[in-house]
Amino acid sequence: MSTLLEVEGLSIAARAGGVTVPLVREVSFRLAAGEAAGLVGESGSGKSMTALALLGLLPRGVTVTAGSVRLDGTDLLAADARTLAGIRGRRIAMVFQDPMAGLNPAIPVGEQVAEVLRRHLGLARGPAARRAVELLGAVGIKEPARRAAEYPHTFSGGMRQRVMIAMAVACEPAVLIADEPTTALDVTVQARILDLLVRMQEELGMALLLVTHDLGVVAGTCHRLAVMYAGCLVEEGEVDAVFDAPRHPYTAALLAAAPENAMRGRPPEAIPGTVPAPGALPSGCPFSPRCAHTRPEVCDGTPVEVQVTGSRRVRCARSRELTLAGVRR
Ligand SMILES: Nc1ncnc2c1ncn2[C@@H]1O[C@H](COP(=O)(O)OP(=O)(O)O)[C@@H](O)[C@H]1O
Ligand SMILES: [Mg+2]
């Protein structure tokens, strides 16, 4: 598969009061056309910052300090504002956790979807409105012609997320980034939204980057996953292979902590401690203070290099000597 999105050595930092705090460090990954990949890690790992950087949407005070993001060979980080505005929403689009944040409460939802089509594809008012109704129907909104005229507050959380997905896929982007798209929704609604994302991804041949703290979400949705911890990518590989035999102790700990474990007769095991604050990272492996396999002389000190075996990449100095328990799927 050919590479569509290529992230190389992406580093992100927050600057406040003359102090620079690294939030994301040398993250590299690739996304092929039509592929679904997960970006997983506990809250505070740097997943959202990574995702936002891809679209040039980092919050004020947070900047990219190194690296490149190439989409079809165009470096998005070097692109001027106008080029980026043309790419964002059209070639690469994003769905956020809180659908209300992306919707204007004062405009009927149909008009909001139509606006995307007018702006990016130059559709006239009539055709854009008709296409918006089709899109609302395609994302599973019943009676789309009637609902298109209604305002966001009349929609449930799940239905609002469907509207957001309709807006994101309106221009059939090559890449869709979904950042915790189901985290704010009821469990029963979560599964339906994930099904919708996968169906859209397959029908439109989009690449999907699904950002989530929930490995269960990745298991049913993605081909490949990347695991992030304290701003670093610690493991990357095929979903089946990683679940079966994780090579990084953090991945193994996440799998053991997943609530799905309870259904296999094993109680979920919480990971001790918390993700370190970006300004207070330990030297060497950032996971070492919480890791059950830490060897002081091996894991402290110098930063750990990424080890590559086939399609697997692991950032653990001990990964070759460890045999970690996985989860059979
Ligand atoms: N606007 C901001 N300014 C400074 N630091 C931030 C900002 N937003 C988030 N952070 C910090 O960046 C780190 C990564 O956050 P984030 O990417 O949101 O993590 P995740 O999405 O994995 O939960 C966290 O430590 C968070 O506190
Ligand atoms: Mg996040």
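For the pair V163/P152, no side-chain contact is recorded, criterion being any heavy-atom separation below 4.5 Å from C-beta on. Two residues are said to be in side-chain contact when any heavy atoms from C-beta on lie closer than 4.5 Å; E42 and T274 fail this criterion. For the pair L324 and P249, the minimum side-chain heavy-atom distance is below 4.5 Å. Within the 4.5 Å cutoff, the side chain of L77 has heavy atoms near those of the L10 side chain. Between Q97 and D179 the shortest side-chain heavy-atom distance does not fall below 4.5 Å. Side-chain atoms of F155 and L103, non-hydrogen and from C-beta on, never get closer than 4.5 Å to each other. For the pair H248 and F287, the minimum side-chain heavy-atom distance is below 4.5 Å. Counting heavy atoms from C-beta on, the side chains of R88 and L57 come closer than 4.5 Å.
Pairs passing the salt bridge (charged side-chain N to carboxylate O under 4.0 Å, His left out) check and including a residue from residues 54-82, sequence neighbours excluded, read D72-R91.
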field: side chain to side chain contact (heavy atoms under 4.5 Å, CB included) between T251 and Y229, intermediate numbers included
entry: CA-CA 9 Å; T251 313; Y229 184 78; over 6 Å; no
| said: Under the criterion side chain to side chain contact (heavy atoms under 4.5 Å, CB included), I'd like the reasoning laid out for R247 against T309: C-alpha separation, chi angles, the key distance, then a yes or no. | reply: CA-CA 11 Å; R247 302 238 176 99; T309 324; 4.2 Å; yes
**Q.** Steps toward side chain to side chain contact (heavy atoms under 4.5 Å, CB included) verdict (R15, T65)
**A.** CA-CA 11 Å; R15 290 205 174 92; T65 51; 3.9 Å; yes
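Hydrophobic clustering, with ILVMFWY side chains joined whenever heavy atoms are under 4.5 angstrom apart, groups V21 together with M228. One hydrophobic cluster, built from ILVMFWY side chains closer than 4.5 Å, cannot hold both V113 and F96; they sit in different ones. Under a hydrophobic-cluster definition in which Ile, Leu, Val, Met, Phe, Trp and Tyr are linked whenever side-chain heavy atoms come within less than 4.5 Å, directly or via other members, V7 and L39 are assigned to the same cluster. Put simply, L54 and V227 are part of two different groups of oily side chains (I, L, V, M, F, W, Y) that touch within less than 4.5 Å, one to the next.
Scored by the salt bridge (Lys or Arg N to Asp or Glu O under 4.0 Å) test, R318 finds E321 as partners (sequence neighbours excluded). In this structure, the side-chain hydrogen bond (donor to acceptor under 3.5 Å, both in side chains) partners of R312, at least two apart in sequence or on a different chain, are E235. Judged as a side-chain hydrogen bond (donor to acceptor under 3.5 Å, both in side chains), and not counting sequence neighbours, T212 has no contacts.
Between E143 and R147 no salt bridge is recorded (no basic side-chain N to carboxylate O distance below 4.0 Å).
Taking every heavy atom of both residues into account, L136 and A166 meet most closely at CD2-CB, 4.2 Å. Across all their heavy atoms, S28 and G9 have their closest contact at OG-N, 2.8 Å.
When atom types are taken as modelled, the side chain of Q161 and the backbone of P181 share a donor-acceptor pair closer than 3.5 angstrom.
The neighbour count for R125 CZ, taken as heavy atoms of other residues, nucleotides or ligands under 6.0 Å away, does not exceed 12. No more than 12 heavy atoms of other residues, nucleotides or ligands shown are found within 6.0 angstrom of CD on E26.
In this structure, R290 CZ and I271 CD1 are separated by 5.5 Å, a value rounded to the nearest 0.5 Å.
Through chains of ILVMFWY side-chain contacts below 4.5 Å, V306 is grouped with V308. Residue Y151 belongs to no hydrophobic cluster, having no ILVMFWY side-chain heavy atom closer than 4.5 Å to its own.
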